[in-house]
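For this chain, numbers begin at 1 and follow the sequence in order. Scope of the values below: all heavy atoms of this structure, side chains included, with no hydrogens, waters or symmetry mates.
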Amino acid sequence: SIFVQNLMDYARIINSNFTVHARLFNVHEMIQEALEVFELRAKCKDIALKVTCDRSLSLVNDREKLLGLVYTFLDNSVKFTKKGSVHLKVEYSPQLKACVFAIVDTGIGIDQKDFGHLSEIVKNPWLQDKTNSAAGLGIGFRMAVMLLKAVNKGQVSLEVSSKIGS
C-alpha cells in the first residue's frame with residue numbers, strides 16, 4: 001500500500017538511506033491514480049471530490065513519492081471532512097518556478113492558535129509538539145513533512161484557514 005511505502009521511505013530518511021528517483025511524468029495522470037482510491041470514500045460520505053490540474057502539466061521529480069504525499073494529504077482531507085468538498089489544485093507557478101499542490105477542504109480545520117505548533121513541526125518533524133485541536137497530527141503528518149522536504153529540496157510551506165479546512 002501507499003501508506004506502507006511512505007513508512008518505508010520515512011525509515012530510509014531516518015537511516016540516511018533515502019534516494020529520490022527523478023524522472024519526467026504527467027502530473028494529471030498521477031493525480032487521477034490517487035483519486036481512484038478516494039472517489040468511493042468521498043461518495044460514501046456524500047462529499048464532492050474535485051480536481052483542478054492542467055492535463056498537460058509535467059514535472060521532473062520522484063513520481064511514486066509524490067503520489068504517496070498526495071495520497072497522505074487527500075486521506076486526511078477526506079477523513080476530516082464531514083460535509084462539503086475536498087478540492088485538489090495543482091498548478092505551475094512561474095514566480096516560484098515550481099508546481100504548487102494545494103488541498104482545500106470544508107473539513108474541521110485547524111484553530112489559528114495551533115498553526116504555530118504546525119509551523120514548528122514543519123520546521124522540525126522530530127519536535128514533540130502537539131496541537132490542542134488538530135484531530136490527526138501524528139506520524140502521518142510528520143512522515144509527509146519529512147518526505148516533502150526530501151523530494152522538494154527542503155522547501156515546504158503550510159497555509160491553514162481557521163475552521164474552514166486546510
Asker: Would you call Leu59 and Leu66 a side-chain contact if the rule is heavy atoms closer than 4.5 Å?
Answerer: yes
Asker: Determine whether a donor-acceptor pair (N or O, by modelled atom type, separation under 3.5 Å) exists between the side chain of Asp62 and the backbone of Val151.
Answerer: no
Asker: Which residue, Ile47, Asp105, Ile103, forms the side-chain contact (heavy atoms from CB on, under 4.5 Å) with Val78?
Answerer: Ile47
Asker: Would a single hydrophobic cluster contain both Leu74 and Val51, if residues Ile, Leu, Val, Met, Phe, Trp and Tyr are joined by side-chain heavy-atom contacts under 4.5 Å?
Answerer: yes
Asker: Using a 6.0 Å cut-off, check whether atom CD of Gln32 has over 12 heavy atoms from anything other than its own residue.
Answerer: yes
Asker: Output side-chain donor-acceptor pairs under 3.5 Å for residues 20-27, partner residues at least two apart or in another chain, one line each.
Answerer:
{"unit_1": "His21", "atom_1": "NE2", "unit_2": "Thr19", "atom_2": "OG1", "d": "3.2"}
{"unit_1": "Asn26", "atom_1": "OD1", "unit_2": "His28", "atom_2": "N", "d": "3.0"}
{"unit_1": "Asn26", "atom_1": "OD1", "unit_2": "Glu29", "atom_2": "N", "d": "2.8"}
{"unit_1": "Asn26", "atom_1": "ND2", "unit_2": "Arg55", "atom_2": "O", "d": "2.8"}

Asker: Could you check if a side-chain atom of Lys83 sits within less than 4.5 angstrom of a side-chain atom of Thr106, using non-hydrogen atoms only?
Answerer: no
Asker: Quick one: list whatever passes salt bridge (Lys or Arg N to Asp or Glu O under 4.0 Å) with Asp75, sequence neighbours left out.
Answerer: Arg41, Lys79
Asker: Any side-chain heavy atom of Glu64 within less than 4.5 Å of one from Leu67?
Answerer: yes
Asker: Could you tell me if the side chain of Phe101 sits less than 4.5 Å from the side chain of Lys89, heavy atoms only?
Answerer: no
